[in-house]
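Note that the structure is predicted; figures quoted are calculated from it, not measured. In what follows, chains carry the letters A, B, and so on, assigned in the order in which the sequence lines appear, proteins first and then strands, with residues in each chain numbered from 1.
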Number of protein chains: 2
Amino acid sequence: MRIIKKETDYALRALYFIHEKGGKAAVSQIYSQIKAPRPFLRKIFRMLALSGILISKKGKNGGFEFKKPFNSITLADINEIFDEMTPLGGCPFKNRICSNFRSCALKGKIRAIEQETYQRLKRTYIKDMWD
Amino acid sequence: MRIIKKETDYALRALYFIHEKGGKAAVSQIYSQIKAPRPFLRKIFRMLALSGILISKKGKNGGFEFKKPFNSITLADINEIFDEMTPLGGCPFKNRICSNFRSCALKGKIRAIEQETYQRLKRTYIKDMWD
DNA sequence: TTAAATGATATCAAAAAAGTATCATTATTT
DNA sequence: AAATAATGATACTTTTTTGATATCATTTAA
């Protein structure tokens, strides 16, 4: 079972770091602190910006700052940027849908469990993850 | 998020099929019914036998039958054969443990969520998954 | 004008998951 | 005894996903 991806892990650490630094930082200041590869973290940050978690400032002295308040960000907010949930009525094995899709009783049960876990992520605020 | 692997999925369908067939069947009778590749299902069945879920009978007219009663088998029983949980105190990214393992606050939180999901699997009896 | 930041995108590499192939062993049937 | 049909064991291959790079364009402040 894989709850989160490495991208989510890096994103969480990076967001926490920015928060501690007063709410703004550039990738060059962060990546070594959280042991993330610079170009990978850059990609992650672009997605965080596209998703409305951060605002990016280009140019010298640029960087990223929070758009969504740090205290309001949940683990689900970050996770869903990097990992898709099975849609309602969908099969958890997107690419390997078998021919009994219609009558398949399992997919709904598995998805329900996935959704319960997702609800748990929704209740987890990242600000509390370092307590 | 990936709750179960395809191996678990096939195993569930196969066990249900055996149950419907009266409690005993050979791989050759099952694989086409559940749309699983024969050699893959064979490998899966060997693991189910090694794990004490099934008993195997070799030779002509051989096959597999339940060792553990069908009604007592949970989703967790099957899942844990094919997918390992993060151990207590361990890192969910086994292969990419960073240098701040000791002080890492995240790994415990993520594992706790994983464990909650696992507890849910433990409460799910496979006999009920076709209701 | 230069330096230092992000935007965008294409590509690559490593790991995990899914699936195959093959030969050995065992038991039943003929 | 021989043929058949099942599992045991194991090594290998392929496909998919995840993690990571590389590169060039654009923007902005000093």
With a non-hydrogen cut-off below 4.0 angstrom, is [X] in contact with a base, only sugar-phosphate, or nothing?
X       : value
A:Pro37 : sugar-phosphate
A:Phe45 : nothing
A:Lys43 : base
A:Arg38 : nothing

When you check the phosphate oxygens OP1 and OP2 of [N], does a side-chain N or O of [X] lie under 4.0 Å from one of them?
X       : N      : result
B:Asn61 : D:dA5  : no
A:Asn95 : C:dA18 : no
B:Arg2  : C:dA17 : yes
B:Ser56 : D:dG8  : yes

What's the [atom1]-[atom2] distance between [X] and [N], to the nearest Å?
X       : N      : atom1 : atom2 : result
B:Leu54 : D:dG8  : CG    : C1'   : 15 Å
B:Leu41 : C:dG19 : CG    : P     : 11 Å
A:Leu48 : C:dG7  : CG    : P     : 11 Å
B:Met1  : D:dT17 : CE    : C1'   : 16 Å
B:Phe40 : C:dA21 : CZ    : C1'   : 15 Å
A:Arg42 : D:dC24 : CZ    : C1'   : 11 Å
A:Ile44 : C:dT6  : CD1   : P     : 13 Å
B:Tyr31 : C:dT20 : OH    : P     : 11 Å

Starting from the 5' end of DNA chain C, give me the residue, B:Lys60 or B:Phe82, whose nearest nucleotide shows up first.
B:Phe82

Taking for A:Ala25 and for B:Glu7 the nucleotide of DNA chain C with the nearest heavy atom, the one nearer the 5' end belongs to A:Ala25

Less than 4.0 Å between a side-chain N and a carboxylate O, is that true for B:Asp83 and B:Arg2?
yes

Taking only Lys NZ, Arg NE, NH1 and NH2, and the carboxylate oxygens of Asp or Glu, determine whether A:Asp9 and A:Lys5 approach each other closer than 4.0 Å.
no

Fit a plane to each ring of A:His19 and A:Phe66, take the angle between them on a 0 to 90° scale, and name the class: parallel (under 30°), tilted (30 to 60°) or perpendicular (over 60°).
perpendicular

Just checking A:Phe40: does its CZ atom have more than 12 heavy atoms from other residues, nucleotides or ligands closer to it than 6.0 angstrom?
yes

Can you find a donor-acceptor pair, distance only, under 3.5 Å between A:Lys5 side chain and D:dG19 base?
no

Listed nucleotide nearest any side-chain atom of A:Arg96, set C:dA8, D:dA6, D:dT16
D:dT16

From the set C:dT6, D:dT21, D:dG19, return the single nucleotide nearest to any side-chain atom of A:Phe64.
C:dT6

By nearest-heavy-atom nucleotide on DNA chain D, the more 5' of A:Tyr10 and A:Lys58 is A:Tyr10

Give the minimum heavy-atom separation between B:Gly90 and B:Lys107, together with the two atoms involved.
O-CD, 3.7 Å

On the six-membered ring of A:Phe70, is A:Lys127 placed so that its NZ or CZ lies under 6.0 angstrom from the centre and within 45° of the ring axis?
no

